[in-house]
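Structure first, then comments.
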Amino acid sequence: MSSIVRTVTPFINREILLEALAAVGCNYTIQGNTVVTDRRDNRGLQKFELTGGRYKYVYYSGDQLAVGSFLKNVGEQYSKIYKRKLEELAEKERQRLEQERRDFVEKQRSAIVAKAKEQGYDVRETVVDNKIKLVLVQTTY
């Protein structure tokens, strides 16, 4: 008879689960949608099976305290890795938005300078407090 253990941490991302297993020193192999660990009980290797969109831990028999401790450690590592990846994504998004802002400012500046020159102005550009200041000068005789 086998047992499927539900954990507090939902293991939904295989890449993060594999990193978490490596972080706790557990070797594994991948067989389709199953991650087979090197943890063994009297009926074979213990594994994580993809069921209903999340990986659930399957074992047949053994020390439940050891299984609980193992899953707690994997869950903690999974949460740390997940949080780190979210922070990396947030930083990439922040950088992308900042680059969009810079591109927009440059496009606006170029359009203003082009229009001013078209109308016969000389353009003097200065940067004051990290803001672009354009001074249009027209010389008349």
Side-chain angles (χ1 to χ4, degrees), residues 1-140:
M1 184 162 113
S2 65
S3 295
I4 295 178
V5 179
R6 294 184 185 228
T7 59
V8 174
T9 304
F11 301 120
I12 56 174
N13 184 297
R14 182 167 80 174
E15 176 187 328
I16 296 174
L17 174 60
L18 298 179
E19 283 186 49
L21 288 171
V24 298
C26 181
N27 295 321
Y28 58 85
T29 57
I30 299 172
Q31 297 175 352
N33 286 331
T34 303
V35 178
V36 181
T37 71
D38 64 351
R39 295 175 52 87
R40 184 177 291 283
D41 58 31
N42 61 2
R43 291 191 56 200
L45 295 172
Q46 298 172 1
K47 56 194 170 191
F48 287 88
E49 289 183 341
L50 183 63
T51 307
R54 65 188 276 186
Y55 285 89
K56 295 179 182 169
Y57 192 66
V58 178
Y59 75 103
Y60 295 99
S61 64
D63 184 0
Q64 289 184 344
L65 290 176
V67 169
S69 176
F70 169 71
L71 288 175
K72 180 182 176 202
N73 291 338
V74 172
E76 288 171 353
Q77 289 301 317
Y78 186 95
S79 295
K80 286 179 187 176
I81 294 165
Y82 185 78
K83 182 179 177 184
R84 185 193 63 200
K85 290 193 180 278
L86 282 178
E87 289 169 353
E88 289 170 1
L89 287 172
E91 177 61 23
K92 287 179 183 177
E93 179 64 8
R94 188 196 64 73
Q95 289 173 355
R96 184 189 69 78
L97 291 173
E98 180 62 21
Q99 186 60 44
E100 274 184 18
R101 186 194 67 79
R102 285 188 196 128
D103 293 346
F104 177 77
V105 168
E106 180 58 29
K107 182 180 171 186
Q108 290 293 96
R109 188 197 68 75
S110 297
I112 291 169
V113 168
K115 187 173 182 179
K117 286 186 177 184
E118 181 183 291
Q119 294 177 357
Y121 290 98
D122 288 327
V123 179
R124 294 187 192 140
E125 181 177 332
T126 57
V127 178
V128 179
D129 294 330
N130 206 21
K131 294 180 182 178
I132 298 172
K133 181 178 180 182
L134 300 175
V135 177
L136 305 180
V137 178
Q138 188 173 37
T139 306
T140 56

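Remember, it's a predicted structure, so these values are computed and weren't measured experimentally.
- In terms of heavy atoms, Tyr60 sits closest to Leu45 at CE1-O, 4.4 Å.
- Rounded to the nearest 0.5 angstrom, Lys133 NZ and Glu125 CD are separated by 12.5 Å.
- Heavy atoms only, all atoms of each residue included: Arg39 and Ala66 are closest at NH2-O, 3.8 Å.
- The shortest side-chain heavy-atom distance between Leu17 and Tyr28 does not fall under the 4.5 Å cut-off.
- Counting heavy atoms from C-beta on, the side chains of Leu18 and Ile30 come closer than 4.5 Å.
- Note that CD of Glu76 and OG of Ser79 are 8.0 Å apart. Values are rounded to the nearest 0.5 Å.
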Could you give me the CA-CA distance, side-chain angles and deciding distance for Phe48 and Leu71, then say whether side-chain contact (heavy atoms from CB on, under 4.5 Å) is met? CA-CA 11 Å; Phe48 287 88; Leu71 288 175; 4.0 Å; yes
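- Within 6.0 Å of CZ in Phe70 there are more than 12 heavy atoms belonging to other residues, nucleotides or ligands.
- Thr29 is listed as a side-chain neighbour of Gln31, based on a closest heavy-atom distance under 4.5 Å.
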Starting from the C-alpha separation in whole Å, work towards a yes-or-no answer on side-chain contact (heavy atoms from CB on, under 4.5 Å) for Arg101 and Val105. CA-CA 6 Å; Arg101 186 194 67 79; Val105 168; 3.9 Å; yes
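- When every heavy atom of Gly120 is checked against every heavy atom of Gln138, the shortest pair comes out as O-CG, 4.0 Å.
- Asn13 contributes a side-chain N or O that, together with a main-chain N or O of Glu15, makes up a donor-acceptor pair within less than 3.5 Å.
- Between Glu91 and Arg94 a salt bridge is recorded (basic side-chain N to carboxylate O distance below 4.0 Å).
- A salt bridge between Arg84 and Glu88 is present, with a side-chain N of the basic residue lying under 4.0 Å from a carboxylate O of the acidic one.
- Partner of Arg96 under the side chain to side chain donor-acceptor pair (under 3.5 Å) criterion, out of Glu93, Glu98, Gln99: Glu93 alone.
- Side-chain contact between Arg14 and Leu50 is absent, with no heavy-atom pair separated by less than 4.5 Å.
- Counting heavy atoms from C-beta on, the side chains of Lys131 and Val128 never come closer than 4.5 Å.
- The number of heavy atoms from other shown groups lying within 6.0 Å of NZ (Lys85) is above 12.
- Taking each heavy atom of Lys47 and Val36 in turn, the nearest pair found is CB-CA, 3.9 Å.
- A donor-acceptor pair under 3.5 Å links the side-chain atoms of Tyr78 to the main chain of Ile12, judged by distance alone.
- The two residues Arg54 and Pro10 come nearest to each other via the heavy atoms NH2-CA, 3.8 Å.
- With rounding to the nearest 0.5 Å, the separation of OG1 in Thr37 from CG in Asn27 is 9.5 Å.
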Between Leu136 and Gln119, does the side-chain contact (heavy atoms from CB on, under 4.5 Å) criterion hold? Intermediate values first, please. CA-CA 10 Å; Leu136 305 180; Gln119 294 177 357; over 6 Å; no
Could you go through Lys115 and Ile112, starting from their C-alpha distance and side-chain angles, then the distance that decides it, and tell me whether this counts as side-chain contact (heavy atoms from CB on, under 4.5 Å)? CA-CA 5 Å; Lys115 187 173 182 179; Ile112 291 169; 6.0 Å; no
